[in-house]
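Lettering of chains follows the sequences in order, A, B, ..., and the numbering in each one begins at 1.
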There are 2 protein chains.
Amino acid sequence: MIRKTNRKSLVEQVAEQMEHLIEQREWKVGEKLPPEMELMEEFDVSRNTLREAIRALVHAGLLETKQGSGTIVRSTSVLGAALERHIKKSTMLETLEVRLALEKQAAQMAAEQRTEADLAMIKTYIDRSKNASVNQDLDQFIASDIQFHKTIVQASGNQLLVDLYEHMTDILYSFVHDFMVMKPSFPLEQEVHLGLFEAIQKQDENSAASYVEHDMEVLKENIITMMEE
Amino acid sequence: MIRKTNRKSLVEQVAEQMEHLIEQREWKVGEKLPPEMELMEEFDVSRNTLREAIRALVHAGLLETKQGSGTIVRSTSVLGAALERHIKKSTMLETLEVRLALEKQAAQMAAEQRTEADLAMIKTYIDRSKNASVNQDLDQFIASDIQFHKTIVQASGNQLLVDLYEHMTDILYSFVHDFMVMKPSFPLEQEVHLGLFEAIQKQDENSAASYVEHDMEVLKENIITMMEE
DNA sequence: CCATAAAATTTGTAGGATGATTGGGATATA
DNA sequence: TATATCCCAATCATCCTACAAATTTTATGG
């Protein structure tokens, strides 16, 4: 039997390797890549081939080149970069609506099939955010808040859902951060979080969904009033 | 005042133009592009520059090059291609779950803010699918069924939601097609569709959501049993 | 120490040369 | 005619060298 020519082009091979290095954080975000000459030797390809590979990742949003300076890592995920570019055209509000649609679905699925380990992890982040709230540590609060939400989505067991949600959260991070700095609503948040946790624990899908929905409504209203100011 | 160096790299300019040509369907999917020599003249750039631009779009999934043959258009959207690549790693079931999460959200939003024009359009596709059902025209039925769902999502007014949903639908098209060929459930579908339509018309969010949810459950069960066979 | 100029580094663009693969047309053969 | 094979032109893949443009680093003069 003759093997089909599955021989990928050199460019794609190099691009793939670089993508892998980025994904595995061996080349970290913000870091500068070795110059072209070194990479040529490292991958053992010509300058053209190397440059085409680099250009592919630049266009995808993973790298950024600056003439005279070098090439730096800009993002770690193709899907994330694609979403980011797309989301810039949409409004923040639209993005939040989609993100919370995903979370609502995730919460229902999580309620259905959460394990004890899931529950324990969710509880951990609730406790952490409570501590942060007591200590008035805003950064810590935001971090554990985001982790809380991510953990619920992870408990859904749907990897596509997880990826989309996390990318959106990452993209919205700076926005959410600014928002929470301006309007820190610790007690309300915690009440909702505890309610959501209990709903998932009791495997009450509807209740879980409506807690998330409630969260969404509050957030939307706050953002709208914030934008009007 | 000195203008900032808004001079994008030549490669990005060429890539942008090509992307635009593809998006505007001037270069159609499946069609062959002019050979490199011609494109070099047309864009007035060197071979390297042109090739880097092409490679960027190849990597993004919009183009496909075949040595000795030429370059053809493969897809029309960056987000679509990125999702497609990502979705191949996920299971069909996961993708469907996400897609229907988006639709559920869209149905609620549509119920809230649908216009008369939206309703008219939705009704149109219901009628079309009814006709197709009477005439036993499966392709027509599937087409109008998909349009029916898309129209509801469009009525949500959230462009990001629309884009994500449509890309997922496109990607799943062949799968859904095969599925419906195997298990054509005309009457049931229509009942649900009519119910969903009326819920949106009456602006009953909860009812709209639960119709979609019901749709999801039926679909999931069917797929699971289909996979077991 | 600081400002400025020169040098080195690094990416951007151009053009040419050769190899590899494909597709189609010409040719030969049954 | 039909078919199989070979050959060639078209096309992309890779490599090479050269120079331009932008940035960073180093050297220099005060």
| message | Less than 4.5 Å apart, side chain to side chain, heavy atoms only: is that true for B:Thr95 and B:Ile171? | response | no

Taking CD in B:Glu31 as the centre, count heavy atoms belonging to other residues, nucleotides or ligands within less than 6.0 Å. Is the count above 12?
yes

What one should report as the nearest heavy-atom pair of B:Pro34 and B:Trp27 is CD-CZ2, 4.3 Å

B:Gln67 atom CD is separated from D:dC15 atom C1', nearest whole Å, by 14 Å

Between B:Asn158 and A:Glu94, the two heavy atoms sitting closest are ND2-O, 3.0 Å

Rounded to whole Å, CZ of B:Arg51 lies from P of C:dG12 at a distance of 17 Å

Whole-Å distance, A:Glu52 CD to C:dA14 P, equals 14 Å

Taken to the nearest whole Å, NZ/A:Lys8 to P/D:dA13 is 15 Å

Closest to the side chain of B:Ser69, out of D:dT14, C:dT22, C:dG15, is C:dT22

Rounded to whole Å, CD of A:Glu12 lies from C1' of D:dT14 at a distance of 15 Å

Sorted by number, residues from residues 25-44 of chain A placing a heavy atom under 4.0 Å from DNA chain C are A:Pro35, A:Glu36

Can you confirm whether B:Lys150 is buried at NZ, in the sense that more than 12 heavy atoms of other residues, nucleotides or ligands lie under 6.0 Å from that atom? yes

*asked:* Can you confirm whether B:Asn131 is buried at CG, in the sense that more than 12 heavy atoms of other residues, nucleotides or ligands lie under 6.0 Å from that atom?
replied: yes

message: If you count heavy atoms of other groups shown closer than 6.0 angstrom to CE of B:Met168, is the number above 12?
response: yes

Respond yes when some side-chain nitrogen or oxygen of A:Thr49 is under 4.0 Å from OP1 or OP2 of D:dA13, and no when none is. no

Note: contacts of residues 56-66 of chain A with DNA chain C (heavy atom, under 4.0 Å) are A:Thr65, A:Lys66

| request: Check the surroundings of atom CG in A:Asp127: do more than 12 heavy atoms from other residues, nucleotides or ligands lie under 6.0 Å from it? | output: yes

Out of D:dC12, D:dC15, C:dA14, minimum distance to the side chain of A:Ser46 belongs to D:dC15

Those residues at least two apart in sequence (or on a different chain) that pass ring-ring contact (aromatic ring centres under 6.0 Å, His included) with A:His149 are A:His193

For nucleotides 16-18 of chain C, print each protein N/O atom paired with a nucleotide N/O atom at under 3.5 Å, atom names and distance only.
residue	atom	partner	partner atom	Å
C:dA17	N6	B:Arg47	NH1	3.3

Hits for side-chain hydrogen bond (donor to acceptor under 3.5 Å, both in side chains) against A:Thr49, two or more places apart or cross-chain, chain-then-number order -> A:Ser46

Residues at least two apart in sequence or cross-chain that pass salt bridge (charged side-chain N to carboxylate O under 4.0 Å, His left out) with A:Arg128, listed by chain then number, are none

